[in-house]
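Computation of the quantities below employed the complete heavy-atom set of this structure, encompassing side-chain atoms and omitting hydrogens, waters and symmetry-equivalent molecules. Order of appearance sets the numbers: ligands from 1, and atoms from 1 within every ligand.
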Amino acid sequence: MKFLSYRHNHLYFEEVALHRLANEFGTPLYVYSEAALVDNFARIESAFTKMPHSICYALKANSNPTIIRKLRDLGAGADVVSVGELNLALKADIDPQKIVFAGVGKRDDEILAALSKGIKGFNVESEMELQVINQLAGDAGKSAPISLRINPDIDIHGHPYISTGRHHDKFGIALETVRKIIGNFSTYSNCELVGLHAHLGSQVADIAPYAELGQVMRKLIQEVQAAGHRLRYIDVGGGLGVDYSQPIDVATDALGRDDFAFDPSAIAEAISESIGSLGIEIVFEPGRALIANTGLLLTRVLYLKETTGKKFVIVDSGMTEMIRPSLYSAFHAIVPTNLRGGTRITADVVGPICESGDFLARDRELPEVQRGDVLAVLSAGAYGFTLSSNYNARPRPAEVLVSNEDVQVIRKRQSLETLWQE
Ligand SMILES: *Cc1c(COP(=O)(O)O)cnc(C)c1O
C-alpha cells in the first residue's frame with residue numbers, strides 16, 4: 001500500500017498516525033487515503049489515454065458517498081448493479097450518460113428508474129431480460145440503450161465465487177445466443193444495440209484473459225457491424241487484480257509495493273491490439289483495483305488465548321466488518337500500528353462473532369501483541385465495508401478519509417438505536 005509507512009515504530013497513513021485515529025474514533029474503523037485514491041485513478045486513467053475511453057467505477061467495491069464523489073471529481077463514471085447504486089451515483093452527480101447498469105436480476109422498477117434517468121447502457125444478461133426491457137421501454141415511450149453482456153467462456157483461474165466469465169457461471173449470454181439475438185434484434189423495436197460487454201471476474205492476476213477477451217470481442221464486433229448496428233462502445237468489464245501479499249519486512253519501505261497485480265497499461269495495450277483500430281470507445285469498470293489498496297481496517301486486540309497447541313489473538317473486528325477471509329479464504333496482511341520488537345508468534349486472528357468461520361487470518365506469523373494493541377488489516381478498501389453486516393447486532397463501523405494531515409469522518413459509526421428501528 002502506498003502512503004503507508006512506519007516512522008519511529010508508529011504506522012502512518014499519509015501524515016496521520018493510525019493509533020491516534022483508533023483512540024479518537026474507536027475501533028473497528030475503516031481508514032482511506034485520498035492520495036492513494038487519486039494515484040490509483042490516475043494510473044488506470046492514463047493507461048487508456050491512447051483510445052476513446054470511460055472509466056466506470058464499480059460502486060459495489062466501495063459505495064461510500066465521499067469516495068464516489070471524489071472519483072466523480074476525478075472523471076469517473078459508474079458501473080451500478082441495483083437501483084440503490086444508481087441512486088448513489090446520481091446523488092454524487094455522475095452524469096447518467098456515464099452510468100452502465102449490470103446484473104443478472106434487474107427488477108422492473110430498477111429498469112424503469114434507469115430508463116427515466118437516461119443511462120449510458122443496460123448490460124443485458126439474458127434474452128428474457130431483453131424482452132422485458134423492450135416491453136418496459138415501449139410502455140414508457142422510450143428507447144433503451146442495450147449492451148449485450150457476453151459470456152466469453154474464459155477462465156481466470158481465481159476463486160470460484162468471483163469468477164464470472166466461464167460458461168457455467170450465471171453471468172452473461174452464451175455466444176451462440178448473442179449471435180441469435182443480434183440476428184433478430186429488429187424485433188426489439190424499443191431497444192438500440194449500442195454496445196457489447198463482458199466481465200471476466202474479479203482479482204484477475206495476469207493479462208492473458210484480457211488478451212483472449214479482446215480476440216473474442218473483435219470477431220463479434222465485426223459481426224454486429226455487418227448486421228448494420230452502429231456500436232458506440234465496448235465494455236471490457238473490471239477485474240484488474242491487486243497485490244494482497246504480506247509486506248516482506250514491515251519496518252522498511254516494503255509497505256510501498258505496487259498496488260496492482262500487474263500494470264493496467266497492459267490491459268489497454270491488449271485491448272488496443274485487438275480492437276483499438278476500430279475507433280470505438282472502450283469502457284473499463286474497475287472496482288477493486290481503484291479502492292482496495294487505498295483502505296485499511298483498524299481493530300483492537302481484546303484478548304490472547306491459547307488452547308492445545310494453538311494461539312488466538314481475539315480482536316474487535318470480524319466477519320461483520322471484513323468477511324473476505326471467511327467467504328473467499330482471502331488473505332489480508334495484518335500489521336501492528338506500533339512496532340515494539342520482541343519475539344514473533346503464530347496465531348489465528350479471530351473476531352468476536354459466534355461462528356467458527358469468523359477469522360481474519362489463520363496460522364499467521366505476527367509480532368507479539370498485547371491486549372489493547374491496534375492492528376491494521378491492510379488492503380481492505382474494496383469489498384470491506386460494502387460487505388459488512390449487522391450480524392450479532394453489531395453496528396457498522398465508522399469510515400474516515402485522511403488527506404495529508406487532515407482527517408475527515410466520511411461515515412459515522414452506526415448507532416445502537418438504528419438497530420432498534422423498524
Ligand atoms: C464486480 C464487477 C466489476 C468490478 O470488478 P472488480 O474486480 O472489483 O474490478 C465490474 N463489472 C461488473 C459487471 C461487475 O459485476
Begin with the C-alpha distance, continue with both residues' side-chain angles, and end with the deciding distance and a verdict on salt bridge (Lys or Arg N to Asp or Glu O under 4.0 Å) for R218 and E273.
CA-CA 10 Å; R218 179 180 179 84; E273 258 174 44; over 6 Å; no
Residues in contact with ligand 1, criterion: heavy atom under 4.0 Å:
A58, K60, D79, A102, R149, H197, H199, S202, G238, G239, E285, P286, G287, R288, Y383
Between the main-chain N or O of D406 and the side-chain N or O of S403, is there a donor-acceptor pair closer than 3.5 Å?
no
Test side-chain hydrogen bond (donor to acceptor under 3.5 Å, both in side chains) on S143 and E192; report intermediate values, then the result.
CA-CA 7 Å; S143 172; E192 189 188 350; 4.6 Å; no
Steps toward side chain to side chain contact (heavy atoms under 4.5 Å, CB included) verdict (V374, L18)
CA-CA 9 Å; V374 176; L18 286 169; over 6 Å; no
Please state whether the rings of Y188 and F185 are parallel, tilted or perpendicular, taking 30° and 60° as the class boundaries.
tilted
For R230, all residues meeting side chain to side chain contact (heavy atoms under 4.5 Å, CB included), sequence neighbours excluded:
R232
